[in-house]
Amino acid sequence: MSAREKHWLKVWDEKHAFEPDPVAGKKKVFVTFPFPYMNAAVHVGTAFTASHLEFYSRFKRLQGYNVLFPWAWHWTGQPIVGMSKRLREGDPDVRRAFLELDHVPEQEVAKFVDPEYLASYYTKQSRKVMKETGFSIDWRREFRTIDPAFRKFVEWQYFHLREMGYVVQGTHPVVWCPFDKSPTGDHDRMEGEGVSPTEFNLIKFHLGEFALVAATLRPETIYGATNVWVNPDADYSEARVDGELWIVSSASLSKLSEQKHNVVPVREFKGSDLVGRYAMAPLTGKSLPVFPGRFVDPSLATGVVYSVPAHAPYDLMALRDIQEGRVQVGRQVKEEADKITPIPILSLSGYSRVPAEDAIRKLSIKDSMDPNLETATQEIYSAEFHRGVLSQSSGPLADLTVPEAKDKAVELIAKTERLAKMFELPEKVVCRCGTRCYVKILENQWFLNYSNPEWKAKAKLVIDRAEIYPEEARQLFYSTIEWLKDWPCARRSGMGTRLPWDKDWLVETLSDSTIYMAYYCISKFVNLEKVGPDSLTPEVLDYVLLGKGSPANLAKAARIPERVLRDLRTEFSYWYPVDLRNSGKDLIPNHLTFFAFHHAALFPEKFWPRGFGINGMITIEGKRMSKTKGNFVTWEGAKEKYGADAFRLALALTADGMDDADWRDRAAMDAKEKVDSVIPFVKKTLRSSADRKADGLDSWLVSSFNGRIAVASEAMEELRMRRASATVFLDIWNDLRYYLRRAGKPRRQTLTEVFNAWARMMSPFTPFMAEELNRELGGKGLVCQADWPAPDDFPVDDDAVLAEAVLGRVIEDARNVLKVVKGARSKLNVYVCSDEAKAFFLELTAAKQSKGNVGQVLKKHASLKIQPDRVFKLAYELGEDLLGKVVAGRGFDEFQSLSEASEFMAKELGIEVVVQKTGKQIHDPANRAKDALPTKPAFYLE
RNA sequence: GCGGGGGUCGCCCAGCCUGGUCAACGGCGCGAGGCUUAGGACCUCGUCCCUUAGGGGUUCGUGGGUUCGAAUCCCACCCCCCGCACCA
């Protein structure tokens, strides 16, 4: 941290510049950021998103608002506990990540075996780096989501949600880690991302008094079944399942019992013991032989499948293996197998009657252990599912499409009471803790009832009423609200708050973060020890947040002074609602929409969020940020490398709207150079300036500055930080450069005014440098507490704008001519049009616009011999804006203006320039002067 | 598959809603010149093609269409990115 940064941080701190309290009658802005999760250091992505709020906050303060930008830390949930646990168990990867990627000192890592210590370490680090970056946060309100007082707040919320019927219980299959005793979400998996429980149909084939239970995803193929497969090497069991006698793989027994089946094992044996026996299929009543098939995975579902060789490549290949002697079997099995031919059950365009055969041939599959069988199966399955139609051989299923036949088959088999269901993971899933997961049916789990149509409608209203930046994001909210189903809101493990009515469950991370912004109004009092967690009873919170009850009575019961209670209510009613919540677009499908739902449920409309800011995701040098790939930039690292101001400016300049932001070292270095050179530039410029009367060029600079203020202000309002910062740091700078180049002697007073305002415009982005600059300019007070420049202080002078625009056009034209014309030249003659030509131009343009008498004008000025088309074309080229100024421009004398600029033109063009006004006695050897038009003088190059 | 965003002159990107002032803003890179002992920084000019007078040609994913006129509006297609849930 530089001395300059330290100095200003101290000054801001001493002035309590960012610690706002309610001020009756003062307009307020309340901005919030979705608190970062503290299992790692904050990184440039966090900084990017948060920077929008930071810039906006500082901007709004300059506009005179009372601005609250608070901060908190998310500790709720599984990952912190999980990392800590893995460290305890000696996982080298976790340890290395702490040491090498986050640069945590060795002795600290040792203490990370305590999850709360781990989180507090990162919290401390993150707070430090954010402060040092100059974020204008009110740290008095800081909290962590496991603070006792915050828990009371969460309990209050859930108490009400349940009362309103928005928290309901349900039973659902989940991917379960038996070690963590917790559902295993996608991000908690070492293996099997994207895999979710799939419902298999269990079909009972009668085998004596037993049911040999085959699992299938394709019940519609039952009429094509030719035999049953078991894995001869695997263990199978007889067991009493829900009172029936089943034969299934031994591995499936525990899974069945996790899925609400009552399972009592009876006897275990090898699959080979089943080979050669016969099992009777439902619906067809056929007695099918049991064959050995090593392709059958005993760990998938029941480890028993039935064979449909016409449509299942695996089945066909396994059958061939037996028929063609690649697999040794007993004589009886071989004889039975030889009798079997595939039974086609559906027709499929583009394939023969036995599609499995086609696929096998296409992929040159040799036996039943060929890995290509998976591809073949996928292909056939997909084709049949979308285009297949069941044929007559399928009896009652005939003529149905595959999806229809599936439902019908399930219905028919269920009628015979030979159907059961089982959930299974189609692919292996391994939890991050290394444990293999399975499907568990979780009972009596708590859900937020987001599928409730009334709640949805209310959430939609929140979005309807809110400002969304950028507007394109609005649709994403609507889609999310539509799509959202009930959300499991409680878990068994991790850190957090227990459900007040069911202490076995902890409120899950996303679910405890929905209305917490309201708690910033309370946390200030908690941190100042004016109110303790025990006082935050539901009744007290009802008063503070909903205005219910009488403070006098409550004060006694809760043992807090009535004045404090009233202050709490005042604090909340003043700051709420949230005026702007900014986040990356990744939070729209969950957090931000939850935020809308819960505000809709709990608060009256006047407290619903007013604005949502959405930004894109960050990439590093064009690639996705990833810790494991080492493509990772921490907030601290970037701040240290470029300095706070440059880091901030680089963030601002990197992207607008929902575009993804690409963080590039090169761009940040440029920003650094820019920031570092502002003050030297200003000082040098002022040194070279003089006290003199304002001229046209000064008016031009002021006019231009007027436009810059307008653009920057509007962009700030819309959170278009790239546009805003580019205007301030690039466009204004360019204006100044032009001014300095063009001016004989820059005028001190004009520059001082502009620089003063410039410092204020820079201050949201580069507050340290802006304060420094303000001081250099002799400004009083702090620039962070000054006023945002008003356009009225920089009036527009149309004639001055026109003069510079014309000059610019003339120089550009002249450059063109000089570029094209070869050969020696010593002097450029510039002929400004005559008064009559100007009159002709104005009259003709007016006549054309008003559809007046063009012919009359032409006749009147016929002696000029100017083609009317040239006039029309020029008027068109000038555009409405400039043309308007030409028409209105009474004080603008083109000849005088260009004459005064002739030296400048000469310097720019590198050739002598002589400006003359078209008239009788002028130097015009090539007779060009007659062609001159307003804003378009004629040239002659000598 | 469902939902969303996007493809612009070497790279990043503005413009698109509200068609013409668009060969198309700005930044980077590159080239030339200035400044400088030198380098960096900084400043100026140039950077699709052609052109001895300010002009012309061909461009904004591809192919059609609407229009006097399309990067901008409409249709179809191709390609890329993101999200799709028991989790931050």
Side-chain angles (χ1 to χ4, degrees), chain A residues 34-40 74 76-80 172-176 182-189 194 196 442 445-447 450 471-473 475-476 478-480 482-492 494 508-511 513 584-591 616-617 619 622 624 653-660 662 664 666-667 670-671 673-674 676-677 680-681 684 722-723 726-727 729-731 734 737 740-741 809-810 812-823 825 875-883 907-910 926 928 931 936-941:
Chain A
F35 41 30
Y37 188 69
M38 281 297 103
N39 67 337
H74 204 194
T76 310
Q78 193 61 239
I80 293 173
H172 284 260
V174 298
V175 178
W176 185 259
S182 168
T184 306
D186 251 7
H187 297 282
D188 290 331
R189 295 179 194 172
S196 54
L442 261 189
Q445 213 192 166
W446 294 99
F447 288 83
Y450 293 143
E471 187 56 37
E472 299 100 89
Q475 194 48 48
L476 282 168
Y478 291 137
S479 320
T480 303
E482 280 298 305
W483 158 88
L484 216 51
K485 295 190 291 236
D486 286 359
W487 177 263
C489 64
R491 302 198 103 201
R492 295 283 191 186
E508 168 278 336
T509 9
L510 286 170
S511 308
S513 312
K585 59 184 168 193
D586 52 327
L587 294 191
I588 296 177
N590 41 65
H591 168 71
M617 308 306 290
T619 55
R624 221 190 152 123
L653 284 169
T654 192
D656 252 358
M658 273 201 292
D659 296 337
D660 288 343
D662 190 20
R664 284 175 191 267
R666 167 116 222 155
D670 284 346
E673 265 150 20
K674 211 135 254 157
D676 289 345
S677 53
F681 168 77
K684 192 179 124 214
R722 176 193 177 116
R723 170 169 286 198
T727 302
F729 285 87
L730 308 177
D731 295 340
N734 278 336
R737 271 205 290 261
L740 293 174
R741 188 153 48 93
R809 291 169 62 88
V810 170
E812 198 189 318
D813 276 354
R815 275 211 180 100
N816 256 323
V817 173
L818 287 168
K819 197 168 99 189
V820 171
V821 178
K822 295 196 178 101
R825 56 271 174 119
Y876 177 71
E877 258 175 35
L878 285 169
E880 259 174 60
D881 193 40
L882 269 189
L883 182 61
K907 204 169 74 191
E908 290 287 297
L909 297 168
R928 286 257 161 75
D931 294 332
K936 188 91 176 171
F939 295 145
Y940 174 61
L941 195 57

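Computed over heavy atoms, backbone and side chain alike; hydrogens, waters and symmetry mates excluded.
- Within the nucleic acid shown, A:D662 has no heavy atom closer than 4.0 Å to any nucleic acid atom.
- Within the shown strands, B:rC2 is the pairing partner of B:rG83 under the Watson-Crick or G-U definition, both distances less than 3.5 Å.
- Nucleic acid contact class of A:N816 (heavy atoms, under 4.0 Å, all strands): sugar-phosphate only.
- Taken to the nearest 0.5 Å, the CD atom of A:E471 stands 10.0 Å off from the CE atom of A:M658.
- Side-chain proximity of A:E673 to B:rA41, B:rG29, B:rU51: nearest is B:rA41.
- Residue contacts for A:F681: at a heavy-atom cut-off of 4.0 Å it reaches no nucleic acid atom on any strand shown.
- Backbone-only engagement by A:L476 is indicated by non-hydrogen atom pairs under 4.0 Å involving sugar-phosphate atoms exclusively.
- Contact annotation for A:R815: backbone-only contact, meaning every heavy-atom pair under 4.0 Å involves sugar-phosphate atoms and none involves a base.
- Checking B:rC86, B:rA53, B:rG26 against the side-chain heavy atoms of A:F447 singles out B:rC86 as nearest.
- Contact check, A:R722 against B:rC12: no side-chain N or O comes under 4.0 Å of OP1 or OP2.
- For A:L941, the listed nucleotide lying nearest its side chain is B:rA53; candidates were B:rA53, B:rU44, B:rA85.
- Residue-level contact check: A:P34 touches neither bases nor backbone, having no heavy atom under 4.0 Å from any strand.
- Contacts of A:K485 with the nucleic acid, taken as non-hydrogen atoms under 4.0 Å apart, include base atoms.
- Across all strands shown, A:A938 has heavy atoms under 4.0 Å from base atoms, whether or not it also approaches the sugar-phosphate.
- Nucleic acid contact class of A:Q445 (heavy atoms, under 4.0 Å, all strands): base.
- Residue-level contact check: A:H172 touches the bases, meaning some heavy atom is under 4.0 Å from a base atom.
- Residue contacts shown for A:T480 are absent, as no nucleic acid heavy atom lies under 4.0 Å away.
- Taking only distance into account, the side chain of A:R723 never meets the base of B:rA14 through a donor-acceptor pair shorter than 3.5 Å.
- In this structure, A:R809 reaches neither bases nor backbone, as no heavy-atom distance under 4.0 Å exists between it and the strands shown.
- Searching all strands for a Watson-Crick or G-U wobble partner of B:rU21 with both distances below 3.5 Å returns nothing.
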